Amino acid sequence: MKFLDLLRLISGNLSRRKARVGLTAIGVVIGTAAVVILVSLAIGLQKNANEQLYGIGDLTLIQVSPSYSEGMMVSGPMMMGGGGGGGVGGQSDLPVLTNSALDEIRAIPGVVAVMPQEYFYSMMIMKFQRLEGNASLRGIAINDLSILGLEAMQGSAELKRGGVVIGSMVAANFYDPRQRPGQEPPPPPDLYDQQLQVIAVKWDAEGNEIRKNLSLRVTGVLAEKGDDSDWSVFIPFEEIKVLNEWANGVKYNYNKDGYNQVIVKVADAKQALDVADQIIALGFQAFTMQSFVEGLNNFYMVLQVVFGGMGAIALLVAAIGIANTMTMSILERTREIGLMKAVGATNRDVLSIFLGEAAGIGFLGGLGGVVIGWLAGQALNVLAIVYLANQSTQQGGPPPSVAVYTPAWLPLFALAFATLIGMISGLYPALRAATMIPVQALKYE
Amino acid sequence: MTPLIRVAGLTRHYQMGGTTVRALDGVDIEIEPHTFTVVMGPSGSGKSSLLYLLGGLDRPSGGEIWVDDQRLDTMDENRLAVFRRDRMGFIFQSFNLVQSMSALENVAFPMQFAGVIASQRKERAASLLSQVGLADRSHHKPSELSGGQQQRVAIARALVNNPTLILADEPTGNLDTTSGVTVMQLLSDLHRGGRTVLVVTHDPRMTRFATHKIFLLDGKVVSEAEYQSAALEAPQVPSD
């Protein structure tokens, strides 16, 4: 029997029992729509979570630090304390982040930049006019912070000697030290292109406070990123080195003691985990947000399976409906089956016809379910985005771009799955039809 | 001449409750090609069982069935289906037309299983409907046709794959006398056209078209004299 003839015969048989086929297909419509909506919801949640994570941290960045052995505090120069010259780092076999180690990291395929970074490890106060503020002072060995995904809201993200680039929330952290109780706090100052007084503080062996005043111009204010960069004041790496040497009273030799922290940027977020593994293999610690994202994605994968499984239960009920309809249909058409066999239909022909009819019900129901599921997903999306946008306005953070997301493969998968379910449901009745003894079928009353 | 049909020691037993019913009990027959054979017998004599066994629609309890040099009783289901499709045409008492199909579609139906393309199916079915005098009824559904017309559609359907053997089970059983005669005339025409026709009937009027007759009583082949004698002893033999 030709495939086209088979399709024609199946569609003809289904169309002459429209009401029954329609009622049976409704079950499949509900099941398929449930699968599409629930899996779309899980994918939407995953997508949303990933977008939020991309907002929190650049997934192309890897934080690298030296490994620490048990009983050992740090291996880098900054935390060795004022009196440290060689430090414990020198006593360990663990590798340190020297410039040659940085070169090794640079040589890893996919690495586009390797940037040592240090914080100011003593006390720091900022002053602007009568206001004072606190922030984290960071020195980073790059000229332009945009490499780290930080964009300037005012001025530029370039680091220049004698200048600072501040995070978006730094100004909000300024307060009036002479503010009286009940007095209205001052509004955050506009610090862009202003001269900022930075006072570094340290204490001598007797506990006397020693201050170092710096006057730095704010050359750029960064756009909000949602991470610790919002609260940071960035200066060139050389300047943080000088400040830390002053605070700790030692000279640092990075070729010997190594850096405390290095930021590695890779070309593509997908490479981050692989590069991190290679860095770990060199003997360092490496952390990337991508590993967190992977864990989260695994969670959402499970969620998709659970949600899809819930929809599949509805499909299972529909499958029983299909099996019932096909069994009834075969009972009613027993003489027709006998005739088909008498005029030359093989068991395989009969099996194909009835399996095809069951698959056809699954396909029609699947088609309806995909359309309804997609439309319901879109409607849910509109409602959910409005609700979540309100939530994010109240709680902070970027608003979601999508709540329910239906990827192109999902409708195709759902349609194929519904068709397969139909076919499986029709297997037993179709086998019964195919193996009927012709004479018994012809004489069936 | 080599017989077209050869049956040896054919038995067909059914279990009905705890009892074994011997529908056919050691039947030996040979049917020559290009003959018109009528199998006569009262209800329950085993004539329909014989026809279904010869058509490969049922399996015997014992014995051998040979049709056109092929042994049917040991043939597997799929080969049997193909054999039926290529060599046999069936005509049933209750017509067995698919009610949702037109006369033309019913006639063309068996050709789908033979893989004939749609245009050829339509052409051949129309030609056969014309031969049985139903050219103007080709698009009518079975419910829109009389019993005689439906049986003529069934005859056209039986001929569609150009079989050598036509097997008819009480083809006039559901028809009035005029329609019955028309149908028998059509079958006789097929025989004269070179086909082998085997008709199972209890109606003695149908024997006038036959070249050969087989009489069955209680699952056994008997002579015409024995059959007539039995008929005289029990004149009110109920029909099927």
Side-chain angles (χ1 to χ4, degrees), chain A residues 1-22 325 328-357 360 430-445, chain B residues 12 14 23 48-60 76-102 105-118 120-121 141 154 157-161 163 167 169 240:
Chain A
M1 192 174 190
K2 288 196 163 69
F3 184 67
L4 209 62
D5 286 332
L6 180 67
L7 286 185
R8 234 180 254 144
L9 190 63
I10 289 165
S11 66
N13 287 344
L14 290 177
S15 67
R16 69 178 145 125
R17 277 177 281 271
K18 287 187 188 75
R20 188 184 291 177
V21 168
T325 297
M328 291 303 293
S329 177
I330 280 157
L331 278 177
E332 287 169 8
R333 291 157 68 191
T334 301
R335 286 172 73 96
E336 191 181 316
I337 294 163
L339 172 77
M340 280 195 275
K341 293 195 148 199
V343 299
T346 59
N347 288 1
R348 191 179 160 186
D349 288 331
V350 177
L351 185 76
S352 304
I353 291 166
F354 285 95
L355 266 188
E357 286 181 24
L431 274 171
R432 267 186 61 186
T435 52
M436 271 181 191
I437 297 166
V439 67
Q440 288 177 1
L442 281 164
K443 287 181 172 176
Y444 183 80
E445 297 291 337
Chain B
R12 181 66 175 103
Y14 302 99
S48 288
S49 296
L50 176 66
L51 180 121
Y52 287 122
L53 286 168
L54 294 179
L57 295 169
D58 196 8
R59 297 284 185 183
D76 73 65
E77 277 300 324
N78 285 328
R79 278 185 60 207
L80 208 48
V82 175
F83 188 82
R84 283 194 297 262
R85 188 187 74 199
D86 295 342
R87 314 276 180 94
M88 294 176 183
F90 290 93
I91 299 160
F92 304 98
Q93 181 178 356
S94 53
F95 324 130
N96 278 339
L97 298 178
V98 181
Q99 295 299 311
S100 59
M101 292 181 183
S102 68
E105 288 166 337
N106 264 293
V107 175
F109 190 49
M111 284 189 282
Q112 290 196 12
F113 304 111
V116 180
I117 59 168
Q120 283 178 11
R121 292 203 301 259
K141 294 276 169 68
R157 182 183 62 193
L159 297 173
V160 84
N161 282 328
L167 298 168
D169 182 18
D240 280 337

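When reading the values below, keep in mind they use all heavy atoms of this one structure, side chains included, and skip hydrogens, waters and symmetry mates. The chains referred to below are lettered A, B, ... by the order of the sequence lines, with proteins before strands, and numbering in each begins at 1. Source: prediction; values computed, not measured.
Heavy atoms closer than 4.5 Å to chain B are found in both the backbone and the side chain of Asp5(A). Heavy atoms closer than 4.5 Å to chain A are found in the side chain of Arg157(B), but not in its backbone. Residue contact with chain A, scored on non-hydrogen atoms closer than 4.5 Å, involves the side chain of Met101(B) exclusively. Heavy atoms of Ala118(B) lying under 4.5 Å from chain A belong exclusively to its side chain. Residue Val160(B): no heavy atom, backbone or side chain, is found under 4.5 Å from chain A. Looking at Arg333(A), neither its backbone nor its side chain comes within 4.5 Å of chain B, counting heavy atoms on both sides. Phe109(B) touches chain A through its side chain: at least one heavy atom from C-beta onward sits under 4.5 Å away, while N, CA, C and O do not. Contact of Leu6(A) with chain B is not made at all, since no heavy-atom distance falls under 4.5 Å.
Within the 4.5 Å cutoff, the side chain of Leu9(A) has heavy atoms near those of the Asn13(A) side chain. By the 4.5 Å heavy-atom criterion applied to side chains, Val343(A) and Arg84(B) are not counted as neighbours.
Ranked by heavy-atom pairs under 4.5 Å with chain B, the first of Gly344(A), Gly12(A), Gly338(A), Ala441(A) is Gly344(A). Ranking Ala114(B), Gly56(B), Pro110(B) against chain A, the residue ahead of the rest is Pro110(B), based on heavy-atom pairs under 4.5 Å.
There is no side-chain donor-acceptor pair under 3.5 Å between Asn78(B) and Arg348(A). Side-chain contact, Arg20(A) with Ser329(A): no donor N or O sits under 3.5 Å from an acceptor N or O.
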Open item on the list: Run Arg16(A) and Ser100(B) through side-chain hydrogen bond (donor to acceptor under 3.5 Å, both in side chains) and show every step you take.
Closed with: CA-CA 7 Å; Arg16(A) 69 178 145 125; Ser100(B) 59; 3.1 Å; yes

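In summary, Arg59(B) and Glu77(B) engage in a salt bridge, as defined by a charged side-chain N under 4.0 Å from a carboxylate O.
The two atoms that bring Asn161(B) and Met111(B) nearest to each other are OD1-CG, 3.5 Å, heavy atoms only.
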